Amino acid sequence: MLRSNTSFLPGKELRLRGAFCLYGSLSAYGHVAAYGHEGPTRVDAGLESRDPSRPDSAPRRASRWHEGRLMSKPVRTRIAPSPTGDPHVGTAYIGLVNMVHARQNGGTFVFRLDDTDRSRYRADSEETLFRSLRWLGLDWDEGPDKGGDYGPYRQSERTEIYVEHVNRLLESGHAYRCFCTPEEIDAHRAQLRAEKKTPRAPRTWRDADPAAVKEQLAAGTPHVVRLRVPLEEDVTIHDLLRKDPITINTRELQDQVLLKADGYPTYHLASVVDDALFEITHIVRAEEWISSAPIHKLLFDAFGYPMPVLCHMPLLRNADKSKISKRKNPTSLLHYKEAGFLPEGLLNFLALLGWGGPKTPDGGNQEIFSLDEMIEHFRLDNVSLGSPVFDQAKLRHVNAEHLRALTPEEFVARTQAYMFDKERMLALAPLLAPRVETLGEVCERADFVFGEIHHFTPETRKLKDKNLRTVIAGLQPAGVEPLDAHFALREIREALEGLTEWTAETLEPTCRSLTNEDWVGWKAKTLFMAIRVAIAGKQETPPLFETMAILGKSRVLGRLDQAARALAEPGKKALKRWEKSKAERAGRRAASAAEAAGET
RNA sequence: GGCCCCAUCGACUAGUGGUUAGGUCACCAGCCUUUCAAGCUGGCAGCACGGGUUCAAGUCCCGUUGGGGUCACCA
């Protein structure tokens, strides 16, 4: 395979390649040469390029594999996050790679908001998303908050475009209207599962009588539009990182919903249409999308749009190698910001996953580097495919290196901004002032606000230290099993998670509602102490709900997780038992509510 | 379970047919130091297994095992 690795001189080759990436020229990287075998109308561009780092190397052939004439296109990449929750490290990771690839090719990095799921939409998370990614150091050239020539960049504002596209597919026979009810679909799937077949939506309407369709349409029956997936046909996709093409037979696929009953598109439709319209050249996204790539390929083909280069990045992992999850790892960018990580440190750490960093003369990798250095040296097609564990220890180390590189002035500025944020201090002042007698006591009194708390590692529980024992005592009241205390905290967390407004006034009733007799039997006093210790690491704090409000939702939730984890790690059986108990209690609550309603 | 992806120290990685398998984190030991960090020196530790191909395999091929993803009107 040809690659300019004889000298890892910073992006020599890339610079020469210039701002334009020959559409498909990545086949020159060798292992994607298989592209050249695809497509009925492939035209050999006959272009040759040389590896500049090896003047004597054989000329490499660049070819273009899909329809039409040779066309060079400026690189355009994108991220398309959903505003449905806290900004995720995975989003940042994929965003970083997309941005770096665009930048090093003089291309454009696009931010597109995937807000087509109206039921999960949360208005506040859109702004948080922008802010968090910007904090990290990501910056996009086009986006909902920035505009651009390809807008609108919010998919919820593009529904006419999707409907128009769906109509095209309807006319060309690539899609059909499906009037099945959700119940019918579920039943069908259940039956197929029972027969040990691939569960699929029924194809009742796939070849329905046009008259019947017209009738349903006239009656205004709710319906979706589905892709008419070919019955038995191999669909082959090419991935920049995997040398073998991936072939999936359409019998593994189902007639994917394209347009939902509420008129909004599904991810599949919206992303394909927008990637085409935005002229995205490289789709760089997480590995979990591989299995739906054939659907996308089918869609690009149905529309007659050129297929972008696909690049599926490895999934970030928990220590046990499962897909990273907030249960087992903090996944919110807010957490890392609030825990005092430097954005450049986090970014550097993320860059290390799948890539070692620039090569060093001793045969190793330079692991500490800046975004600019990454843009200079990183190569998208050289990402390693293992399952990178998001290792907190390594993250801390990388962050520490960046911290140490700060000048004293910078260090002070960063620390001040982190600890004594004016807004936060103003909120804190009325709670703190009555409780201190000198300024010297401020930090001690509110230590849990200013930084991380460390009381909840599993090791802590083994310590003999008296103070720490008290801490655990609060978390786990006398006579309560660790596992029960774990679930108590977890249940609190779940209740709080649903809160959209995070103030002392909204927090109090939510917390109090968990103290009814249906609960594990704790009094308010006990429950509130457990929460207090979990979020503050000690038993003396300003009033609980005010304290929680100031700490902020993500930190409170994160610390409840942390505390729960420190108490116990429930097994599958225990989890099941808990789920069951929750359901039963919910049932009882509903029953007693109904009874109460009946009496009045 | 079907389909798909993946596989180098505990973790992140370098490696693209010929290496004493390199670097970093973590861990251990020593040095430095009033303490703790940091720093320095050293150590522990890896090509999942089995078959091929080849003069030569961590590197290529096949199989096994293991891990993961995915099977929604969520993305």
Side-chain angles (χ1 to χ4, degrees), chain A residues 1-3 5 8 30-31 80-85 88 90-91 114-121 155 178 180-182 185-186 189 192-193 196-201 222-226 237 239 241-244 246-254 256-271 285-295 312 314-324 349-368 382-398 400-401 403-404:
Chain A
M1 197 179 305
L2 296 161
R3 187 170 301 159
N5 63 347
F8 194 86
H31 69 243
S82 293
T84 48
H88 199 275
T91 306
D114 194 333
D115 57 351
T116 53
D117 183 351
R118 303 320 283 174
S119 58
R120 290 204 303 159
Y121 178 78
Q155 292 187 319
C178 166
C180 290
T181 64
I185 297 171
D186 287 347
R189 284 213 181 98
L192 285 175
R193 238 189 302 269
K196 295 201 192 281
K197 290 180 185 159
T198 312
R200 246 204 235 102
H223 66 283
V224 300
V225 177
R226 288 180 184 276
I237 58 162
D239 186 287
L241 298 177
R242 280 153 259 260
K243 55 182 159 190
D244 293 327
I246 300 168
T247 299
I248 294 177
N249 194 284
T250 51
R251 85 175 84 87
E252 308 297 336
L253 272 26
Q254 65 166 337
Q256 271 296 341
V257 171
L258 265 20
L259 204 62
K260 299 183 261 191
D262 64 3
Y264 285 92
T266 58
Y267 169 87
H268 306 293
L269 204 227
S271 79
R285 59 174 20 161
E287 200 178 2
E288 55 189 331
W289 291 108
I290 288 186
S291 54
S292 42
I295 293 282
H312 291 95
L315 240 24
L316 268 28
R317 311 295 183 127
N318 299 313
D320 64 3
K321 293 277 179 185
S322 55
K323 177 162 99 167
I324 195 166
F349 170 72
L350 253 15
L352 250 21
L353 304 179
W355 185 56
K359 305 265 196 307
T360 53
D362 66 352
N365 294 80
Q366 175 197 335
E367 295 202 312
I368 305 302
N382 204 26
V383 166
S384 80
L385 253 19
S387 318
V389 171
F390 195 101
D391 181 13
Q392 298 286 334
K394 180 84 175 240
L395 165 62
R396 295 179 69 87
H397 167 77
V398 171
E401 294 289 346
L403 210 49
R404 285 170 199 142

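The figures here come from the full heavy-atom set of this structure, side chains too, leaving out hydrogens, waters and symmetry mates. Below, chains carry the letters A, B, ... as their sequence lines are ordered, and counting in each starts from 1. Predicted, not measured: the structure shown is a model, and the values here were computed from it.
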>> Between A/Glu287 and A/Arg242, does any NZ, NE, NH1 or NH2 come within less than 4.0 Å of an OD or OE carboxylate oxygen?
In response: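 Yes.
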
side-chain hydrogen bond (donor to acceptor under 3.5 Å, both in side chains) involving [X] - partner list, sequence neighbours excluded:
X	result
A/Arg120	A/Asp117
A/Arg200	none
A/Asp186	none

>> I'd like to know if A/Glu367 reaches the base of B/G23 with its side chain, counting only an N/O donor and acceptor under 3.5 Å.
In response: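 Pair found.
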
> Shortest non-hydrogen contact from A/Gln254 to A/Ile295?
Replying inline: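 Taking every non-hydrogen atom into account, O-CD1, 4.0 Å.
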
>> For A/Arg226 versus A/Val257, what's the shortest heavy-atom pair and its separation?
In response: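 Nearest pair, atom of A/Arg226 first, then A/Val257: NH1-CG2, 3.5 Å.
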
Pick out the pairs of N or O atoms, protein on one side and nucleotides 71-74 of chain B on the other, that lie under 3.5 Å.
| unit_1 | atom_1 | unit_2 | atom_2 | d |
| --- | --- | --- | --- | --- |
| B/A72 | OP2 | A/Arg189 | NE | 3.4 |
| B/A72 | O5' | A/Gln254 | NE2 | 3.1 |
| B/C73 | OP2 | A/Arg189 | NH2 | 3.2 |
| B/C73 | O2 | A/Ala261 | N | 2.8 |
| B/C74 | OP2 | A/Lys260 | NZ | 3.1 |
| B/C74 | O2' | A/Asp117 | OD2 | 3.0 |
| B/C74 | O2' | A/Arg120 | NH2 | 3.0 |

> Would you say the side-chain atoms of A/Lys321 pair up with the backbone N or O of A/Ser387, donor to acceptor, closer than 3.5 Å?
Replying inline: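 Yes, the answer is positive, given that a donor and an acceptor are paired below the 3.5 Å cut-off.
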
>> Quick check: do A/Arg251 and A/Thr198 have side-chain heavy atoms less than 4.5 Å from each other?
In response: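 When only atoms from C-beta onward are counted, A/Thr198 and A/Arg251 do not touch, as no gap falls below 4.5 Å.
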
> Which parts of nucleotides 44-51 of chain B does protein reach within less than 4.0 Å, heavy atoms only, written one letter per nucleotide 5' to 3' as B for base, S for sugar-phosphate only and - for none?
Replying inline: --------

> Taking the six-membered ring for Trp, are A/Trp289 and A/Tyr267 parallel (under 30°), tilted (30 to 60°) or perpendicular (over 60°)?
Replying inline: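 Plane angle under 30°, so parallel.
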
Can you pull every protein N or O that's under 3.5 Å from an N or O on nucleotides 35-42 of chain B?
none

